[in-house]
Protein chains: 2
Amino acid sequence: MATHNGGLSDRKKLILKAIVEAHIQGGEPVGSKYLTESQQLTCSSATIRNEMAELESMGFLEQPHTSAGRVPSKQGYRFYVDALLEEYAMTAKEIAQINQLMKVKMSELDRILDSASKVASSLTNYTGFAIKPRSRSITVNRFETAFIDNHSFILILVASDGTVKTRNIIVDAEITPRTVTTVSDVLNELVIELDADEINLPIIMELESRVGDAALVNAVMKSIYEVLGELDGGELKVSGLDRLLQYPEFADSEDLGQLLGAFERKEDILDLVSDTEGDGVHAVIGSESSVKVINNSTLVFKPIKSKGKTVGAIGVIGPLRMDYARVLATLENLGGNITQLLNEPKHKEKGDSHDG
Amino acid sequence: MATHNGGLSDRKKLILKAIVEAHIQGGEPVGSKYLTESQQLTCSSATIRNEMAELESMGFLEQPHTSAGRVPSKQGYRFYVDALLEEYAMTAKEIAQINQLMKVKMSELDRILDSASKVASSLTNYTGFAIKPRSRSITVNRFETAFIDNHSFILILVASDGTVKTRNIIVDAEITPRTVTTVSDVLNELVIELDADEINLPIIMELESRVGDAALVNAVMKSIYEVLGELDGGELKVSGLDRLLQYPEFADSEDLGQLLGAFERKEDILDLVSDTEGDGVHAVIGSESSVKVINNSTLVFKPIKSKGKTVGAIGVIGPLRMDYARVLATLENLGGNITQLLNEPKHKEKGDSHDG
DNA sequence: TTTTAGCACTCTCGGATTTAAAGTGCTAAA
DNA sequence: TTTAGCACTTTAAATCCGAGAGTGCTAAAA
């Protein structure tokens, strides 16, 4: 009865919420007696026991063994998080804290993300991360060069998403400022807006004949491939790794090893975040997704938008019994601040029809 | 008697060596009986017991408790490593492996270091790291700019040690290619070879009046400070973090947390490596140095030289009972390869008296 | 004088046993 | 429908015990 939302009576919800929160705080299974004593529950322990038995049979709770208290199941956490998503809020103090931390003005996404992972970690006390997701079909829109000395110059690549990458190129042969100007001119003519696999031998031959130095073209092409790879390869910054250790869940087990490995390989986490749609905060609890790595962990993240497109994400990773309320609120605000920072009207679009 | 070297008789050295190696392999205390059975020791267990008792009173061995075997003390490891340093060698197979892994041609120190830490980790099976040490008194020798669009350009800084850094600068006001040329010209005239604290208000005022855009100068100066900070701030790349977990020494304890923290803070490890002199492989065992972080760990690294100057280091970190022979040999070779790579004659010096 | 064999002693580790605590499910009463 | 009470289960901690390993010491052998 009274099951208009999620199939649970109000009292069941209340009990589930109380159990999740108690377990988040203490890390131990929580029993009926504890709930009657310390909480806003007005019924007796026996009643709660009955309700808990039902919640368990519905899959929201688990019992490590007979006569331990109950622990939320992954489904239980999920329900809690979903319910929470509608109502979380931050204290004014915490918002002020975020604002202050973000005052460190940052101008480039790469460095924003780096700081953001640190901030996320320090605010939530979990391991923080920031990500620039893979995105196929990014190409180079424009090439620039800058002469450095007789044997080296800088190649600047402006990508279709606005990011700018540079490469330091060193060559055997003597070069002149004229040489590098030629390089950028030729590149701008031949290699614009091509995918990595569209750059074929004829194009390279043409480049060589026009620049007149095969080794140089070689070095340049290698850099271009590298940059193209980086552009859609995604980046992952992690900070506060040591915070994982404060939770007994990770004290010993191999889960910690899996997480560390995942942070180094990056692919799993990049995939997970890249495949996600939507603006709000996402929570991946246990192995909900196909990524087995985060088996007994929770990954919470919020996408970051710039000009309507997802350009990154920030999040935290921690044990199943994560302080969801706090994390959700923090990420929501932090993500909002970063999005705002990115969209400040200092950097106008290049003007597609306004410039020609 | 017969204590010409290190104050130990030859037999004591042999026993110490056998104990260290047995303990490295097995991870357990080693007793006198084990040594007589499996090793090249020709005397009886009783004799070994006597020698071990002496080695212990001299500080080279420790006993976890009465009637466990002996474990090398930090001093014991140190002696072993010092003795080893004179004679280690690699198998041809391992050298071939290094050479192949380094075939991935790399052109810049930053990226060399990144790969190097991975290679070091995968060859030794310990956590690898690569470092670019702090070095005071690096200044910017030359500025270049490249126009990107009406609101952004690239600032290129060529440092006195030859490294090149770039910064993407975004400004509110409209700019032209002429503007950015002015910027580099003025910078090249006023801000060359200055330390961060030598850039004072008069210079900035002069810049503003010449460039004519205070906000732009502001952004530029901020980037310059950042780059100067990075140049002498050092960098630390770590890879194979998860390998730490395979050693029971780090399975549970807080040592792991300290290490993870140290890798994130970077300062401790940077200081440690930056303060070291000499070409060869260095081993820091336990808390030999003032860095308390690596209390129950060993850090082994080899400096990397370019044109006679130390420009970085590669190393590994692991438990006290590290396979020193293997690690020392690997790092020696790997470091040598990188040094060679850096000094390949493709990149000649800018020619101090040869060019003018 | 140095090495070895033998033996008593100490200590830890693993397993088995016990005890205390916690929590449940169920029944019967309110 | 809720509550009180109670018997039952199960775990975690404490205790005990014996086996095993290794030592130090003493006395004999080289």
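Naming: A, B, ... by sequence-line order, numbering from 1 per chain. Quick caveat: nothing in here was measured; it's all calculated off a predicted structure.
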Residue closer to the 5' end of DNA chain C, A/Ala46 versus A/Pro29 (nearest nucleotide) | A/Pro29
A/His23 NE2 to C/dG23 C1', straight-line distance once rounded to whole Å = 15 Å
In whole angstroms, how far is the P atom of C/dT24 from the CG atom of A/Leu35?
-> 9 Å
CD of B/Glu56 versus C1' of D/dT23: gap in Å, rounded?
-> 10 Å
Can you check the B/Gln63 CD to C/dC11 C1' distance for me, whole Å?
-> 10 Å
For C/dT24, take OP1 and OP2 only and decide whether either is under 4.0 Å from a side-chain N or O of A/Ser67.
-> no
How long is the line joining CG of B/Asn50 and P of C/dT4, in whole Å?
-> 10 Å
How close or far is atom P of D/dG24 from atom NZ of B/Lys33, stated in whole angstroms?
-> 16 Å
Which nucleotide in C/dT24, D/dT23, D/dA4 has an atom nearest any side-chain atom of A/Met52 = C/dT24
Are the side chain of A/Arg78 and the backbone N or O of A/Ala283 linked by a donor-acceptor pair below 3.5 Å?
-> yes
Check every atom of D/dA4, C/dC11, D/dT10 against the side chain of B/His65 and return the nucleotide holding the closest atom.
-> C/dC11
Where each residue is assigned the nucleotide of DNA chain C containing its nearest heavy atom, which of B/Pro64 and A/Arg70 is assigned the position nearer the 5′ end?
-> B/Pro64
Would you kindly give the CD-to-C1' distance between A/Glu62 and C/dG23, to the nearest whole Å?
-> 17 Å
Is B/Arg70 salt-bridged to B/Glu62, going by a charged N under 4.0 Å from an acidic O?
-> no
Give a yes or no on whether the ring-centroid distance for A/Tyr80 and A/Phe60 is below 6.0 angstrom.
-> no
Is there a side-chain polar atom (N or O) of A/Ser32 under 4.0 Å from OP1 or OP2 of C/dT24?
-> yes
Who pairs with C/dA29 - Watson-Crick or G-U, where each distance is under 3.5 Å = D/dT2
Please check if the side chain of B/Glu54 supplies one atom and the backbone of B/Glu51 the other of a donor-acceptor pair under 3.5 Å.
-> no
Centres of the B/Tyr324 and B/Tyr77 rings: under 6.0 Å?
-> yes
Taking atom P of D/dT2 as reference, at what distance in whole Å does atom CD1 of A/Ile15 sit?
-> 10 Å
N/O donor-acceptor pair, side chain B/Arg49 with base C/dG6, under 3.5 angstrom = yes
Start at the 5' end of DNA chain D and walk down; is the nucleotide closest to A/Thr66 or to B/Ala53 reached first?
-> A/Thr66
